[in-house]
Amino acid sequence: MKVHHLNCGTLRLPFATLVCHVLVVETGEGLVLVDAGFGMRDIADPATRLGVPRYFNRPALDPAETAVNQIRELGLDPGDVRHVIATHLDSDHIGGLADFPDATLHLTAAEALGAMRPPTRAERYRFNPLLWAHVPKIVEYRAEGESWRGFTAQELTDISPGIVLVPMPGHTRGHTAVAVDAGDRWVLHAGDAFMHPGRVDGRTPVPLLHSVMENMLAHDRALVRDNHARLAHLYQSSGPDLLIVCGHDRGMFEHAVVTA
Ligand SMILES: [Zn+2]
């Protein structure tokens, strides 16, 4: 399947400029998004939809960066977006969902619980139900029994063969990675399972402030560390048939664009 890599939200943190890496997958049955970045409604009303975190991640909120506008720029029809697969429901990943009101939202059952029926005070504070207030059709997955490269997984055959949910809880209760068969290679979008290439390549130093941010945002720090170890092993034992990207690293995003 043809996979486009879009930055749907430049984040101007005090210590780094990050992207919001979104995949647009062309399937035989229409378009599928992995994450949605920020959307037009976030730009119209950042205070209500993005809340206090926007003072920390300082999103550019540029209409030209939204998925809906970039899909038009690609010569594709945003109305063909049938499915949005969420790595998790933080606003920088799913704010743009409302720009595709007819799309079905796919996520893990654990993420639906943590974000939509939050059991803890931290989760009630973290997630904003306004982002799915347009009441999209929702499909929840438990991803038990299958395997993708040694990871527990579930192929989303109801969307398209070659799109695989690879749950990696830790950043949030039900965080997941998503693997897509792009023909000559697989693309693993690891969401926020890691935030800096040094977590997986085993050689680039991870700046202290990245580690602080990762810990601050983690629902379960031990699981985040476990994901780092498993992804580093996968990254270092894989060849050119697998591209691993994360939600926010700009260098990995730019590499994905030029090699797509
Ligand atoms: Zn994020």
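For ligands, and for the atoms within them, numbers begin at 1 and follow the listed sequence. When reading the values below, keep in mind they use all heavy atoms of this one structure, side chains included, and skip hydrogens, waters and symmetry mates.
Ion pairing between a basic and an acidic side chain is recognised when a charged N comes within 4.0 Å of a carboxylate O; R173 and E123 show such pairing.
The Zn ion (ligand 1) lies under 2.8 Å from an N, O or S atom belonging to H93. Using a cut-off of 2.8 Å, one finds that D192 contributes an N/O/S atom close to the Zn ion (ligand 1). For the Zn ion (ligand 1), the N/O/S atoms of C20 include none lying under 2.8 Å.
Remark: the N227 side chain and the H175 side chain contain no N/O donor-acceptor pair separated by less than 3.5 Å.
Under the 4.5 Å side-chain criterion, counting only non-hydrogen atoms from C-beta, E254 is not in contact with V19.
Closest heavy-atom contact between F253 and L6: CE1-C, 3.3 Å.
The Zn ion (ligand 1) lies closest to atom OD2 when only the N/O/S atoms of D92 are considered.
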